[in-house]
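Below, read A as the first sequence line, B as the second, and so on, with proteins coming before strands; counting in each chain starts at 1. On a predicted model such as this, the values are computed, not experimentally measured, just so you know.
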2 protein chains.
Amino acid sequence: MSENVGRWLRDEIENAILSSEFAPGERLDETVLASRFGVSRTPVREALMQLNAIGLIDIRPRRGAVVIDPEPHRIYEMFEVMAELEGLAGSLAARRLDEESRQAITAAHERCERSAKIGDSDAYYYDNEAFHKAIYAASRSEFLEEQCTQLHRRLRPYRRLQLRVRNRLSTSYSEHCGIVDAIFAGDGEGARRLLRSHVGIQGERFSDLVASMATR
Amino acid sequence: MSENVGRWLRDEIENAILSSEFAPGERLDETVLASRFGVSRTPVREALMQLNAIGLIDIRPRRGAVVIDPEPHRIYEMFEVMAELEGLAGSLAARRLDEESRQAITAAHERCERSAKIGDSDAYYYDNEAFHKAIYAASRSEFLEEQCTQLHRRLRPYRRLQLRVRNRLSTSYSEHCGIVDAIFAGDGEGARRLLRSHVGIQGERFSDLVASMATR
DNA sequence: GTCAATGCTCGTGTATACAAGAATGGCGCA
DNA sequence: TGCGCCATTCTTGTATACACGAGCATTGAC
């Protein structure tokens, strides 16, 4: 439990939304949430305000809060921006790589390899997240790291859906290999280009996304 | 005045911070703010929470809120990310340009020309902002537009300082010309490259920034 | 004289009460 | 029987009260 109830609640509700326990479009009643978590309405309101600022829910005056239900084209736009930021992180990482970051990336990359080899999509999901976070950290730009982490969080549910697509696991891993090589070789532009196409969703991957969103 | 007091207050306090009325490092007392704006502490707290989420202030439990005083290297990182996002916006704008966006960009560009010619740095400051926003809109990516607008807002005070630097006005305008040419020619990669170097702060422009921050 | 501990005061964190607006259901009229 | 308007109820928005924690000052002891 975090230092104050509001932040703790924000994390709780955020996780509930990201894990689809609170479905998109669902109304979030302050009183219901308050009794569910055993607190008063005040910290619930604080948590909702923060989620509103993050962009996870929509609060309309006198109308209450609802979980945002983003349209596919908006998800696409978010991936587009994510690709750009990850590309920047990769290019900075390649230029600024130090021993510590190199080890962190290597470790995460090897965990991805194991998960991909045995085809464990859940394990790969977590290892993949660690891999990308290692690259954010290696960029040595705190602000960029924060922005990437935040956007990554919001896109988390859709990333998970993507991994279900046939062959995506091994494709993803082989793309990781190229990215690691570029970063370790100090090839900033190469890392940028590879990360951009790794993260972005072009062509049939967009229809995969739409399809998986429809059947969820 | 906005629909609810909290949002109105957020804007008021945000403007006060961005215009340096509330200096970096300054303590924001809830009671003082409440009496100053003639409201109770509740909406003040809501506004502060939102500003905290945006990243303009820092709220520590039982310690209250202080205006964030970003270090120069962090400002640099923010410009670095901004450059990347604007580059993306420019490349998308070049590929997706329609008549409406073309006219908006042209209009803003011509206003910049007038302000630059007469050396009116304040007018140029506003026209420049409109110019960049026209490019965000031309990208036809709502999410990217939001992200750019938000980051632009946070960097606003420093942009203003930068314009004070000798010759920056005319240099900036001539860079705009190249950007407009690239976008109108449908040259996405050219627009991206030019915008990145236009927005980013490399070399001596970083020391200019640090110097202007110190003497403000 | 200096350092540490305790107590007081100020300010934030949470709860609750009250008011205002929006939505829904019922009743009346066409 | 259907549509529209009014009233009631529910939910949010704001205010205020109370409690807890942190910081600072003062006093006592070494």
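Inspection of the A:Tyr136 and A:Glu86 side chains reveals an N or O donor paired with an N or O acceptor under 3.5 Å.
One atom, CZ of A:Arg10, and another, P of C:dT14, lie 13 Å apart when rounded to the nearest Å. Atom-to-atom, CZ of B:Arg41 to P of C:dG11 comes out at 10 Å; the value is rounded to the nearest Å. Atom CD1 in A:Ile59 sits about 12 Å away from atom P in D:dT14, given to the nearest Å. As rounded to whole Å, 14 Å separates atom P of D:dT12 from atom CG of A:Asp58. If you measure from atom CD of A:Glu30 to atom C1' of C:dT16, you get 14 Å, rounded to the nearest angstrom. Atom CZ of B:Arg62 is separated from atom P of C:dT12 by 11 Å (rounded to the nearest Å). Taking atom CH2 of B:Trp8 as the reference point, atom P of D:dG13 lies 17 Å away to the nearest angstrom. Atom P of nucleotide C:dT12 and atom CD1 of B:Ile57 are separated by 11 Å, given to the nearest angstrom.
Partners of B:Thr42 according to the side-chain hydrogen bond (donor to acceptor under 3.5 Å, both in side chains) rule, which considers only residues two or more places apart in sequence or in another chain, do not exist here. Residues that satisfy the side-chain hydrogen bond (donor to acceptor under 3.5 Å, both in side chains) test with B:Gln103, not counting sequence neighbours, are B:Glu99. By the salt bridge (Lys or Arg N to Asp or Glu O under 4.0 Å) test, B:Arg192 is found to be paired with A:Glu84, B:Glu189, residues two or more places apart in sequence or in another chain being considered. Residues that satisfy the side chain to side chain contact (heavy atoms under 4.5 Å, CB included) test with B:Glu46, not counting sequence neighbours, are A:Arg45, A:Met49. Every residue two or more places apart in sequence or in another chain that forms a side chain to side chain contact (heavy atoms under 4.5 Å, CB included) with B:Leu18 is listed here: B:Glu14, B:Leu56, B:Pro157.
Nearest-nucleotide mapping onto DNA chain C: of A:Val39 and A:Arg60, the residue sitting toward the 5' end is A:Val39.
Nearest nucleotide to the side chain of A:Asp29, out of D:dG13, D:dA15, D:dT11: D:dT11.
Here B:Arg63 reaches the OP1 or OP2 of D:dG23: one of its side-chain N or O atoms lies under 4.0 Å away.
Under a 4.0 Å N-O distance rule, the pair A:Arg114/A:Asp120 does not qualify as a salt bridge.
For the segment residues 42-53 of chain A, the set of residues with a heavy atom within less than 4.0 Å of an atom of DNA chain D comprises A:Arg45, in numerical order.
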